[in-house]
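Please read the structure below before turning to the comments.
If you're wondering where the values come from, they're calculated on a predicted model, not measured in any experiment.
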Amino acid sequence: GVFTAPQIELAALSVAGNTRAWVITPLAGVSGGVYGEVGYKPQTGEVVVYFVRDFDNPITPDANEIAITKQAIINRGKMPANAIESDIIVLAPKITPAVIKIANLTPATADMRQAVERDLKAFIEDILDFENVLTVQQINGIVANSRDSSNNRPTGFEIINGDIDPKTGGLLTYGGVQWL
């Protein structure tokens with residue numbers, strides 16, 4: 001087929017520096033928001049593409065990078081003959097730093113804290129995807145399975161915050177740990 005989500009994603013990723021892309025296609029009965037703004041849900045015939053540039057600071061693309069990526073999608077995405085440029089909406093996701101609050105870590109050594117922070121950061125950056133919620137259950141599992149340099153796991157801790165939701169059009173990034 002033409003103009004499939006994988007083709008669109010590959011076209012977005014063909015731009016040097018773009019590292020991750022997500023294609024939002026219309027869902028039956030789900031549309032709305034403000035056209036061209038984060039969180040917009042496409043209507044039939046439209047597609048919304050979000051992307052980031054993980055090696056840039058910030059990782060969110062600027063207006064020029066968005067324009068270049070949109071042009072790459074038009075040129076390489078194998079658009080059908082009846083599609084028009086305004087049917088392609090290219091956006092930067094809203095970045096939400098996930099700050100995790102942990103109390104009563106045992107053992108409360110610098111080594112154990114560093115292990116927990118490393119594992120939480122890796123999970124958020126490598127496993128969580130666009131619009132994915134970081135749940136308390138996930139946080140509990142990551143902390144419980146962290147191992148310090150002596151291969152010890154935490155014997156006690158308490159997660160203070162609830163689920164962390166990036167919302168529609170959002171992407172969680174690691175915002176650190178607040179030790180309480």
Side-chain angles (χ1 to χ4, degrees), residues 1 3-15 17-70 72-74 76-77 79 83 86-102 117-143 145 159-178:
F3 213 56
T4 62
Q7 288 171 328
I8 296 166
E9 184 178 326
L10 287 173
L13 295 175
S14 73
V15 175
N18 292 358
T19 53
R20 292 183 283 164
W22 303 273
V23 178
I24 311 301
T25 55
L27 297 173
V30 180
S31 65
V34 178
Y35 176 89
E37 292 188 15
V38 171
Y40 177 73
K41 296 294 183 190
Q43 299 178 40
T44 302
E46 294 177 333
V47 66
V48 176
V49 182
Y50 290 90
F51 73 99
V52 293
R53 301 169 57 85
D54 288 305
F55 301 113
D56 291 356
N57 188 13
I59 66 171
T60 50
D62 61 29
N64 185 53
E65 292 160 340
I66 289 172
I68 291 168
T69 299
K70 181 173 181 171
I73 293 167
I74 291 167
R76 300 183 192 117
M79 279 178 37
S86 63
D87 289 342
I88 303 166
I89 301 104
V90 180
L91 301 167
K94 180 180 182 281
I95 301 298
T96 302
V99 178
I100 295 102
K101 298 175 184 177
I102 302 174
E117 290 172 0
R118 176 198 64 229
D119 292 346
L120 286 166
K121 184 176 192 293
F123 182 84
I124 291 168
E125 292 179 354
D126 297 340
I127 305 298
L128 278 188
D129 206 354
F130 180 72
E131 296 182 340
N132 281 173
V133 173
L134 178 62
T135 67
V136 173
Q137 291 80 13
Q138 289 170 319
I139 298 169
N140 272 320
I142 295 163
V143 175
N145 289 301
I159 306 301
I160 303 301
N161 50 309
D163 295 349
I164 303 171
D165 187 351
K167 309 285 188 229
T168 301
L171 179 67
L172 290 179
T173 59
Y174 179 69
V177 174
Q178 288 182 359

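Under the 4.5 Å side-chain criterion, counting only non-hydrogen atoms from C-beta, Ile66 is in contact with Phe51. Residues Ile8 and Val47 have side chains in contact (heavy-atom distance under 4.5 Å, counting atoms from C-beta outward). Looking only at side-chain heavy atoms (C-beta outward), Arg20 and Ile59 come within less than 4.5 Å of each other. A 4.5 Å side-chain heavy-atom check between Ile24 and Phe130 finds at least one atom pair inside the cut-off. Side chains of Ile102 and Ile160 form no contact here, defined as non-hydrogen atoms less than 4.5 Å apart. Within the 4.5 Å cutoff, side-chain heavy atoms of Val49 are placed close to those of Ile73. Looking at Ile164 and Val133, their side chains never come closer than 4.5 Å, going by heavy atoms from C-beta outward.
Shown here for Thr60 and Glu65, the closest heavy-atom pair between the two residues is O-OE1, 4.5 Å. Of all non-hydrogen atoms in Ala92 and Pro61, the two that sit nearest each other are CB-CD, 3.5 Å. Of all non-hydrogen atoms in Ala98 and Leu172, the two that sit nearest each other are CB-CD2, 4.4 Å. In terms of heavy-atom proximity, Leu134 sits nearest to Gln138 at CA-OE1, 3.4 Å. Across all their heavy atoms, Val15 and Arg53 have their closest contact at CG1-NH1, 4.5 Å.
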For Leu91 and Val48, run side-chain contact (heavy atoms from CB on, under 4.5 Å): C-alpha distance rounded to whole Å, both residues' side-chain angles, the deciding distance at 0.1 Å, then the answer.
CA-CA 7 Å; Leu91 301 167; Val48 176; 3.9 Å; yes

If you apply the rule side-chain contact (heavy atoms from CB on, under 4.5 Å), what do you find for Phe55 with Asn18, and how did you get there?
CA-CA 9 Å; Phe55 301 113; Asn18 292 358; over 6 Å; no

Stepwise salt bridge (charged side-chain N to carboxylate O under 4.0 Å, His left out) test for Lys121 and Glu117
CA-CA 6 Å; Lys121 184 176 192 293; Glu117 290 172 0; over 6 Å; no

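Side-chain N or O atoms of Asn161 include none that pairs as donor or acceptor with a backbone N or O of Ile100 at under 3.5 Å. A distance-only check finds a donor-acceptor pair linking the side chain of Asp163 to the backbone of Val136 [under 3.5 Å]. Side-chain N or O atoms of Asp165 include one that pairs as donor or acceptor with a backbone N or O of Lys167 at under 3.5 Å. The closest donor-acceptor contact from the side chain of Thr19 to the backbone of Asp54 lies under 3.5 Å. A donor-acceptor pair under 3.5 Å links the side-chain atoms of Asn132 to the main chain of Asp129, judged by distance alone. Side chain of Gln7 to main chain of Thr4: a donor-acceptor pair is present (N/O by atom type, distance under 3.5 Å, no hydrogens or angles). Checked by atom type and distance alone, the side chain of Glu131 pairs as donor or acceptor with a backbone atom of Gly169 at under 3.5 Å. For Lys94 (side chain) and Leu171 (main-chain N/O), no donor-acceptor pair under 3.5 Å exists by modelled atom type.
With rounding to the nearest 0.5 angstrom, the CD1 atom of Ile89 is 7.0 Å from the CG atom of Asp87. Taking CG of Asn145 as the reference point, atom CZ of Phe123 lies at 11.5 Å (rounded to 0.5 Å). For the atom pair OG1 of Thr69 and CD1 of Ile88, the computed distance is 12.0 Å after rounding to the nearest 0.5 Å.
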Donor-acceptor pairs under 3.5 angstrom involving side-chain atoms of residues 36-45: please list them, not counting sequence neighbours.
| unit_1 | atom_1 | unit_2 | atom_2 | d |
| --- | --- | --- | --- | --- |
| Tyr40 | OH | Glu46 | OE1 | 2.7 |
| Tyr40 | OH | Glu46 | OE2 | 3.4 |

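Checked by atom type, the side-chain pair Ser14/Arg76 shows a donor-acceptor distance below 3.5 Å.
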